[in-house]
Amino acid sequence: MKRLLAITLTVIMVFLMSVVAFAGELLELDGGIAPKVAAECPYGNGIHDMVRWGSGYLMEGQQGASGNVTHFYGPCYQCQKCYTVMLTEYDAVGYNAFGKYGMASYDQPIIMTGVNIYTKSIKVKTGNTPLQGFSFRNSY
């Protein structure tokens, strides 16, 4: 019985440590590798199905380099089809308000806490018109 309890606790600890390790997941865009962000989603009808997964920092510069500038901490969205990730300054769900935003390609689903994106290409969207080729929704 004690052995089963010890194994169970070990498995739980390993799981919890992996969650902490992935919580600070960083994406790098324009940092020595070519960005692979598609203008339209290559799957289905071409529209990115962006679902909100936590929040993150949008930083200008290259991961690990000095002099990076943090632009904001905002909502994080990921396309459920092609895994493109976007951080926006304002809430895109319901309001279509973006402000500054940055995007990066990713090859797997992100965790619920979100990600940080490093980029040299920060875009700005003003007004509340929908962003063509994207639909936004909450994860619940």
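Because the structure is a prediction, the values reported are computed rather than measured. Computed from heavy atoms alone, side chains included, the values below leave out hydrogens, waters and symmetry copies.
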Any side-chain heavy-atom pair of Y83 and P109 under 4.5 Å: yes
Nearest heavy-atom pair of E60 and I122: which atoms, and what distance? CB-CD1, 3.8 Å
Can any side-chain N or O of R137 pair as donor or acceptor with the backbone N or O of S139 at less than 3.5 Å? no
Separation of L58 CG from K123 NZ (nearest 0.5 Å): 11.0 Å
Can you tell me how far the CZ atom of R52 sits from the CG atom of D91, to the nearest 0.5 Å? 6.0 Å
Does the side-chain contact (heavy atoms from CB on, under 4.5 Å) test come out yes or no for N45 and K81, once each step is laid out? CA-CA 10 Å; N45 60 1; K81 301 173 196 168; 3.5 Å; yes
4.5 Å side-chain heavy-atom contact, V115 and W53: no
Using 0.5 Å steps for rounding, measure from the CG atom of D107 to the SG atom of C82. 11.5 Å
Partners of E89 by side chain to side chain contact (heavy atoms under 4.5 Å, CB included), sequence neighbours excluded? F72, K100
Are any non-hydrogen side-chain atoms of I47 and C41 less than 4.5 angstrom apart? no
Are M86 and T84 close enough that some pair of their side-chain heavy atoms sits under 4.5 Å apart? no
Any M59 side-chain heavy atom under 4.5 Å of T119 side chain: no
Without swapping roles, check the side chain of D49 against the backbone of C79 for a donor-acceptor pair under 3.5 Å. no
CD on E40 to CZ on F134, rounded to 0.5 Å: 10.0 Å
Less than 4.5 Å apart, any side-chain heavy atom of I110 and any of C76? yes
Same cluster or not: are V85 and Y90 linked, directly or through other Ile, Leu, Val, Met, Phe, Trp or Tyr residues, by side-chain heavy atoms under 4.5 angstrom apart? no
In this structure, would Y43 and M50 fall into the same cluster of hydrophobic residues linked by side-chain contacts under 4.5 Å? no
Same cluster (ILVMFWY, side-chain, under 4.5 Å), V51 and L87: yes
Can you list everything that forms a ring pair (Phe, Tyr, Trp, His ring centres under 6.0 Å) with F98? Sequence neighbours excluded, please. Y101, F136
